[in-house]
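When a ligand or atom number is given, it counts from 1 through the structure's own listing order. The structure presented is a predicted model; accordingly, all values stated were derived computationally and were not measured.
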Amino acid sequence: MATVAETRMARMPPVFAEPHPQEKSLTALRRQADACERCDLFKHATQTVFGEGPLEARVVLVGEQPGDQEDIAGKPFVGPAGRLLDECLQEAGVDRTLCYVTNAVKHFKFERRGKRRLHAKPNAGEIQRCAWWLGGELELLRPDLIVALGATALYTLMGRSVGLTKERGHILAAANGKPILVTIHPSYLLRIRDHDDRTKERQRFISDLKSIGDQLNA
Ligand code: URA
């Protein structure tokens, strides 16, 4: 299936160019997001899954949207992709507890197949409406580095389609000059069937994540 990067989505204001919510704390912003009806995704999701981590985090990791387990737990990256992310961060020498972890889209979008709820990609309108919250989180956190995990996060942060394959491992400048480290989404690794390919790609992901430390110490 085509990714966001491959289908070239419309330009939108990058998150930093959006007028931000006026909330003065992450707690207040989260409370406001709990009642979000900016798009229709709230209608079927269990709850808003807001970002999590310390206010003083120097690094913000941005994924796509909560999955099935995150939707139920109300926490980002706690399912299979999250566990893999944790392992890779650890191998890269990055302490997740010192990072703020969030998503571009705060509600789980899915299609029902019997009892299963299968991930469905958020569209450009949903991404754009939800960018309001990410913009608010980043405004309050003011991190030194933002890590775009996959094409949706990258699109949201840059406000335009950027070739993930081309820019992977690079640091791009966001509209406000903030550095954005480009890498894949961990769920990409979960989809690779071939053992050797998966091992190779996992190592590449870890090596991308090692740039977090390099960037912070630069
Ligand atoms: N995938 C994401 O992008 N975010 C999550 O929180 C979980 C899975």
TODO: May I ask you to decide whether K106 forms a salt bridge with E137, counting only side-chain N to carboxylate O separations under 4.0 Å?
DONE: yes
Open item on the list: Once side-chain contact (heavy atoms from CB on, under 4.5 Å) is applied, do any residues pair with Q90, and if so which ones, sequence neighbours excluded?
Closed with: none
Task: Polar contact flag, side-chain donor to acceptor under 3.5 angstrom, H119-E64 - done: yes
Task: Residues lining ligand 1 [heavy-atom distance under 4.0 Å, listed by chain and residue number] - done: G63, E64, Q65, P66, G67, E70, P76, F77, N103, H185
Task: By ring pair (Phe, Tyr, Trp, His ring centres under 6.0 Å) - contacts of F77 (at least two apart) - done: H185
Open item on the list: Does the structure place the NZ or CZ of R30 under 6.0 Å from the centre of the six-membered ring of F50, at an angle of no more than 45° from the ring's axis?
Closed with: no
Open item on the list: Restricting to side-chain contact (heavy atoms from CB on, under 4.5 Å), what partner residues turn up for R198, sequence neighbours left out?
Closed with: I192, H195
